[in-house]
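Okay, so here's the structure we're looking at.
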Amino acid sequence: MTLTAIAAIAFRLVWKRWLESAFLIVAVWSQSLVFLGTTEVVGRHRPPVEHLDPAPPTSSFPSGHVSAAVAFYCGLALVLATHTRNRALQVVIWVLGVAAPLSVAFSRLYRGMHFLTDVTWGLLLGLVCVVVAARAILFRRVGAEGRPAVALKPQAQAS
């Protein structure tokens with residue numbers, strides 16, 4: 001949550017608007033709300049192995065750490081890549097944006113906190129929240145021309 005707040009403030013200061021900040025906040029908070037609701041309903045126990053950390057009070061399904069990592073890091077990558085014209089830099093941004101949640105997923109499995117299905121559903125939850133928030137906020141159609149809220153590069157507008 002702290003990183004989300006810092007990124008949202010930085011986005012506001014850099015682009016002098018709330019669009020990117022609102023997107024990231026909605027992506028991260030929506031995954032949190034869905035995670036908390038799901039974990040209460042499902043109530044799945046953690047794997048019967050020795051844990052390297054104390055277990056959080058929530059259930060195992062889905063992985064909240066993984067869904068939060070996807071929502072934050074992939075959301076951050078989407079905003080930064082959208083505002084970057086250099087293709088090589090976009091690739092670096094996306095590699096880091098995808099590597100961070102995957103390392104969190106591996107860590108949660110290694111530490112004995114989740115089953116593979118918990119992590120998989122955490123990845124999907126985070127991804128869906130990013131896509132829905134991006135469609136609703138970043139790339140919504142505005143104005144008579146039907147242009148996206150965030151200006152896309154010319155080659156991306158044609159598709």
Side-chain angles (χ1 to χ4, degrees), residues 1-15 17-84 90-142 148-150 152:
M1 293 299 173
T2 303
L3 290 176
T4 302
I6 291 169
I9 292 167
F11 291 165
R12 171 67 176 115
L13 293 173
V14 170
W15 291 297
R17 61 183 180 187
W18 287 105
L19 190 68
E20 292 82 0
S21 302
F23 156 72
L24 190 62
I25 291 167
V26 167
V28 172
W29 281 60
S30 62
Q31 76 71 33
S32 292
L33 293 174
V34 173
F35 158 73
L36 290 172
T38 304
T39 193
E40 281 299 313
V41 171
V42 174
R44 184 178 192 181
H45 294 291
R46 298 200 179 267
V49 297
E50 184 177 338
H51 300 156
L52 298 179
D53 303 327
T58 55
S59 73
S60 180
F61 182 86
S63 173
H65 284 89
V66 173
S67 63
V70 170
F72 177 74
Y73 289 108
C74 290
L76 188 65
L78 181 61
V79 169
L80 295 176
T82 301
H83 288 284
T84 302
Q90 287 176 341
V91 169
V92 169
I93 289 168
W94 275 110
V95 165
L96 295 173
V98 170
L102 289 177
S103 66
V104 171
F106 176 77
S107 168
R108 300 306 287 168
L109 289 169
Y110 176 78
R111 294 177 158 302
M113 294 304 202
H114 293 287
F115 295 100
L116 181 59
T117 52
D118 303 336
V119 168
T120 302
W121 281 100
L123 289 167
L124 289 172
L125 170 58
L127 181 63
V128 167
C129 289
V130 168
V131 169
V132 169
R135 295 279 311 218
I137 298 170
L138 283 183
F139 303 118
R140 74 183 191 286
R141 300 291 179 192
V142 295
V150 173
L152 298 175

| message | For a side chain to side chain contact (heavy atoms under 4.5 Å, CB included) check, start with the C-alpha distance between Phe23 and Leu78, then their side-chain angles and the critical distance, and finish with the verdict. | response | CA-CA 10 Å; Phe23 156 72; Leu78 181 61; 3.8 Å; yes
| task | Step by step, work out the side chain to side chain contact (heavy atoms under 4.5 Å, CB included) result for Trp94 and Val98. | result | CA-CA 6 Å; Trp94 275 110; Val98 170; 4.2 Å; yes
| From CA spacing to verdict: side chain to side chain contact (heavy atoms under 4.5 Å, CB included), Ser107, His65 | CA-CA 10 Å; Ser107 168; His65 284 89; over 6 Å; no
| query | Going through the distances and angles, do Phe72 and Val130 end up as a side chain to side chain contact (heavy atoms under 4.5 Å, CB included)? | reply | CA-CA 8 Å; Phe72 177 74; Val130 168; over 6 Å; no
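To the nearest 0.5 Å, the span separating CG on Leu13 from CD1 on Ile9 amounts to 7.5 Å. In this structure, SG in Cys74 is found 12.5 Å from CD1 in Ile93, a value given to the nearest 0.5 Å. Summarising the geometry, atom SG belonging to Cys129 is positioned 11.0 Å from atom CG belonging to Leu124; distances are rounded to the nearest 0.5 Å. Taking OG1 of Thr82 as the start and CZ of Phe139 as the end, the distance is 4.0 Å to the nearest 0.5 Å. How far CG of Leu19 is from CZ of Arg140: 5.5 Å, rounded to the nearest 0.5 Å. A distance of 10.0 Å separates CD of Glu20 from CG of Leu80, quoted to the nearest 0.5 Å.
Residues Tyr73 and Leu102 are not in side-chain contact: their nearest non-hydrogen atoms beyond the backbone lie 4.5 Å or more apart. Counting heavy atoms from C-beta outward, Ile25 and Thr4 have side chains that approach closer than 4.5 Å. Two residues are said to be in side-chain contact when any heavy atoms from C-beta on lie closer than 4.5 Å; His114 and Pro62 fail this criterion.
Val70 and Gly126 make their closest contact through CG1-C, 3.4 Å (heavy atoms, listed as atom of the first residue, atom of the second, distance). Taking every heavy atom of both residues into account, Gln90 and Ala81 meet most closely at NE2-O, 3.1 Å. Listed here is the closest heavy atom pair of Gly97 and Ala77: CA-CB, 4.1 Å. Nearest heavy-atom pair across Val66 and Ala105 is CG2-CA, 3.5 Å. Here the closest heavy-atom approach between residue Val104 and residue Ala69 is recorded as CG2-CB, 4.0 Å.
In this structure, the side chain of Ser63 does not engage the main chain of Val119 through any donor-acceptor pair within 3.5 Å.
Remark: Thr39 pairs with Ser59 by the side-chain hydrogen bond (donor to acceptor under 3.5 Å, both in side chains) rule, at least two apart or across chains.
Using modelled atom types, one finds a donor on one side chain and an acceptor on the other under 3.5 Å when comparing Ser67 with Gln31.
Between Trp15 and Phe11, the angle of the ring planes lies from 30° to 60°, which puts this pair in the tilted group.
Taking a 6.0 Å sphere around CH2 of Trp29, one finds it holds 12 or fewer heavy atoms contributed by other residues, nucleotides or ligands.
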